[in-house]
Each structure stands twice: as C-alpha cells, then as structure tokens.
Asker: 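Below is a structure I'd like to ask you about.
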Amino acid sequence: KEKLFHPQSRKADQLVRAQHRKSKLQGLAKSRTKRHEGQVDIYSFFYAAIPSEGVLALQDLHTIVQKVWLPRYDDELETERASRRKGRPKSTREQKIEELKLHEAEEYRTGLEVLDLTEPTNVGLFRQWDQKELAYIQQLRFIRISSAQPDVYTVARYG
C-alpha cells in the first residue's frame, strides 16, 4: 500500500525533484543518442567510400564530397517538388532538405571536417571499425577541407 503525502510536504517535493531529474536525464540521453546516430550515418558513408586497398588522394576526397555527399538529397528534393501542386507553398520536408543542403554546402565552402582518408594508418584503423561504436571514431585523425582551397587541408583533430 502506497503512502500518501500532503502535496506541500517536504517528501512530496523530494519525489517531484527526483522525477524531474529522472525525466531530464532521459531527455538528455535521447538527444545524445539522436546526435550520435547522425554522426554514425556520416562516418558510415565515408566507410563505404574508402577503397578496399590503399588510401584516397586529397582530390579524390573532394570529388566524393562534391559528387556524392552534397547531392545525396537531390532525388528526395525533386520528388517533394514534383508532388507539390502548382501555387502551393513548400512542404516542411522540402524546406528542411533545402536548409540542410545549404548548410552543408556552406560548411564545405568554409571548411568541412572529415576523417583523414589520405593517411594509411588512419585508413587501416578506420577499416577495423564495427560501424556502431562512435567512441572508436574519436580516436581517429580528422582533417578540415574546403572547396575554396581544394589542394590544402588542416588537421582538425589528432588521432
């Protein structure tokens, strides 16, 4: 049998605080998981892009970003545009895709942080990744590339 407490009692306040903290931690865990899933998707894309043998040249890395990474939502955006009737406003999904494409293009123009797939030891370690654990990726070396200077890169994080 549960004990009933007066609504203004100290015990009731303790229970409310404990429940509030628990729900806050659950919300933080959910947002962290969602953010990690997005990052794992990005790294999985580059995992599929690496060659089975050897490493990528810097120009090849730029080509992958320009020809595959940036236009990956083009088909979905075209279907959204085609499904919209003439004279109707853009759908929410279409607006989100356009914003995402603009954000990624701007990020690539100013400097996109990617895994260093030009260094053999880094690529070897990346090939051993199980495509689930994000903590493993944090051990690898990252470089920053930009469309403004395609022949230059800077080391963003040492691995």
Asker: Specify the closest pair of heavy atoms between Pro89 and Arg84, including all atoms of both residues, with the distance to one decimal.
Answerer: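 Between these two residues, the closest heavy atoms are O-CD, 3.2 Å.
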Asker: Taking everything shown except Arg127 itself, do over 12 heavy atoms lie less than 6.0 Å from its CZ?
Answerer: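 Enclosed.
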Asker: Gly111 and Arg144: which non-hydrogen atoms are nearest, and at how many Å?
Answerer: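 Heavy atoms of Gly111 and Arg144 come nearest at O-NH1, 2.9 Å.
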Asker: How close do His62 and Pro150 get, heavy atom to heavy atom, and via which atoms?
Answerer: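 Taking every non-hydrogen atom into account, NE2-O, 2.9 Å.
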Asker: Any heavy-atom pair between the side chains of Ile143 and Leu61 that's under 4.5 Å?
Answerer: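 With C-beta onward as the side chain, the pair touches.
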Asker: Nearest 0.5 Å, what's the CD-CG distance between Gln8 and Asp13?
Answerer: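 That separation rounds to 8.0 Å.
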Asker: How far does CZ of Arg72 sit from CD1 of Ile97, to the nearest 0.5 angstrom?
Answerer: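 The CZ atom of Arg72 sits 10.5 Å away from the CD1 atom of Ile97.
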Asker: Restricting to non-hydrogen atoms, name the atom on Ala12 and the atom on Pro7 that form the minimum distance, rounded to 0.1 Å.
Answerer: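 Smallest interatomic distance, heavy atoms only, reads CB-O, 3.8 Å.
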Asker: Just so I know, are the side chains of Glu99 and His103 near enough to count as touching, which here means a heavy-atom distance under 4.5 Å?
Answerer: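 A side-chain contact is absent here, since even the closest heavy-atom pair is not under 4.5 Å.
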Asker: Within the supplied structure, the quantity of interest is the number of heavy atoms (other residues, nucleotides, ligands) at a distance under 6.0 Å from Leu28 CG; does it exceed 12?
Answerer: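 Yes, because the 6.0 Å sphere around CG of Leu28 holds more than 12 heavy atoms from other groups.
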Asker: Using the rule that Ile, Leu, Val, Met, Phe, Trp and Tyr join whenever any side-chain heavy atoms are under 4.5 Å apart, tell me whether Val40 and Val114 fall into a single cluster.
Answerer: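 Yes: a chain of side-chain contacts under 4.5 Å links Val40 to Val114.
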Asker: Answer whether the closest heavy-atom distance between the side chains of Tyr47 and Ile137 falls below 4.5 Å.
Answerer: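 Tyr47 does not reach Ile137 side chain to side chain.
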Asker: Salt bridge (charged side-chain N to carboxylate O under 4.0 Å, His left out) between Arg81 and Glu78: does it pass, once the steps are laid out?
Answerer: CA-CA 5 Å; Arg81 286 181 179 155; Glu78 286 304 316; 3.4 Å; yes
Asker: Below 4.5 Å, heavy atoms only, C-beta onward: do Asp116 and Phe126 meet side chain to side chain?
Answerer: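 The answer is no, as the side chains (C-beta and beyond) never meet within the 4.5 Å cut-off.
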Asker: To check you understand the geometry: which heavy-atom pair defines the closest contact between Val123 and Gly54, and what is its length?
Answerer: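 The answer is CG1-O, 3.9 Å.
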Asker: Are Val65 and Phe46 close enough that some pair of their side-chain heavy atoms sits under 4.5 Å apart?
Answerer: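 Counting from C-beta outward, Val65 and Phe46 do come under 4.5 Å.
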Asker: Is it the case that one hydrophobic cluster holds both Phe45 and Ile145, taking links as side-chain heavy atoms less than 4.5 Å apart, direct or via other members?
Answerer: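 Yes, Phe45 connects to Ile145 through the hydrophobic network.
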Asker: Any chain of hydrophobic side-chain contacts (each under 4.5 Å) joining Trp69 to Leu100?
Answerer: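 Unlinked, Trp69 and Leu100 end up in two clusters.
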Asker: For a 4.5 angstrom cut-off between non-hydrogen side-chain atoms, does Lys101 reach Leu70?
Answerer: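 No, their side chains stay 4.5 Å or more apart.
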Asker: If I take atom OG1 from residue Thr79 and atom CD from residue Glu94, how far apart are they, to the nearest 0.5 angstrom?
Answerer: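 Here the rounded value is 9.0 Å.
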Asker: What's the spacing between Glu80 CD and Lys90 NZ if we round to 0.5 Å?
Answerer: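 The NZ atom of Lys90 is 11.5 Å from CD of Glu80, to the nearest 0.5 Å.
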Asker: Under 4.5 Å between side-chain heavy atoms, hopping through other hydrophobics if needed: is there a path connecting Ile42 to Leu125?
Answerer: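 Yes: a chain of side-chain contacts under 4.5 Å links Ile42 to Leu125.
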Asker: Within the 4.5 Å heavy-atom criterion, are Tyr43 and Trp129 side-chain neighbours or not?
Answerer: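 Side-chain contact under 4.5 Å: yes.
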Asker: Quick one: do Leu134 and Ile50 end up in the same hydrophobic cluster if we chain Ile, Leu, Val, Met, Phe, Trp and Tyr together by side-chain heavy atoms under 4.5 Å apart?
Answerer: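 Yes, because Leu134 and Ile50 connect within a single hydrophobic cluster, where side-chain heavy atoms sit under 4.5 Å apart.
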Asker: Which pair of heavy atoms, one from Tyr108 and one from Leu112, lies closest together, and at what distance?
Answerer: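 Smallest interatomic distance, heavy atoms only, reads CA-CB, 4.0 Å.
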Asker: Roughly how far, to the nearest 0.5 Å, is the OH atom of Tyr73 from the NZ atom of Lys96?
Answerer: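 Going from the NZ atom of Lys96 to the OH atom of Tyr73 covers 12.0 Å.
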Asker: Would the distance check show the side chain of Arg157 and the main-chain N or O of Phe142 forming a donor-acceptor pair, the cut-off being under 3.5 Å?
Answerer: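 Side chain of Arg157 to backbone of Phe142: no pair is present.
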Asker: Report yes if some heavy atom in the side chain of Glu119 is under 4.5 Å from a heavy atom in the side chain of Val55; otherwise report no.
Answerer: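 Answer no - side chains too far apart.
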Asker: In terms of heavy-atom contacts, does CD of Gln149 have more than 12 from other residues, nucleotides or ligands at under 6.0 Å?
Answerer: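 No, because the 6.0 Å sphere around CD of Gln149 holds 12 heavy atoms or fewer from other groups.
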Asker: So how far is it from Lys22 NZ to Leu25 CG, rounded to the nearest 0.5 Å?
Answerer: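 Between atom NZ of Lys22 and atom CG of Leu25 there are 10.5 Å.
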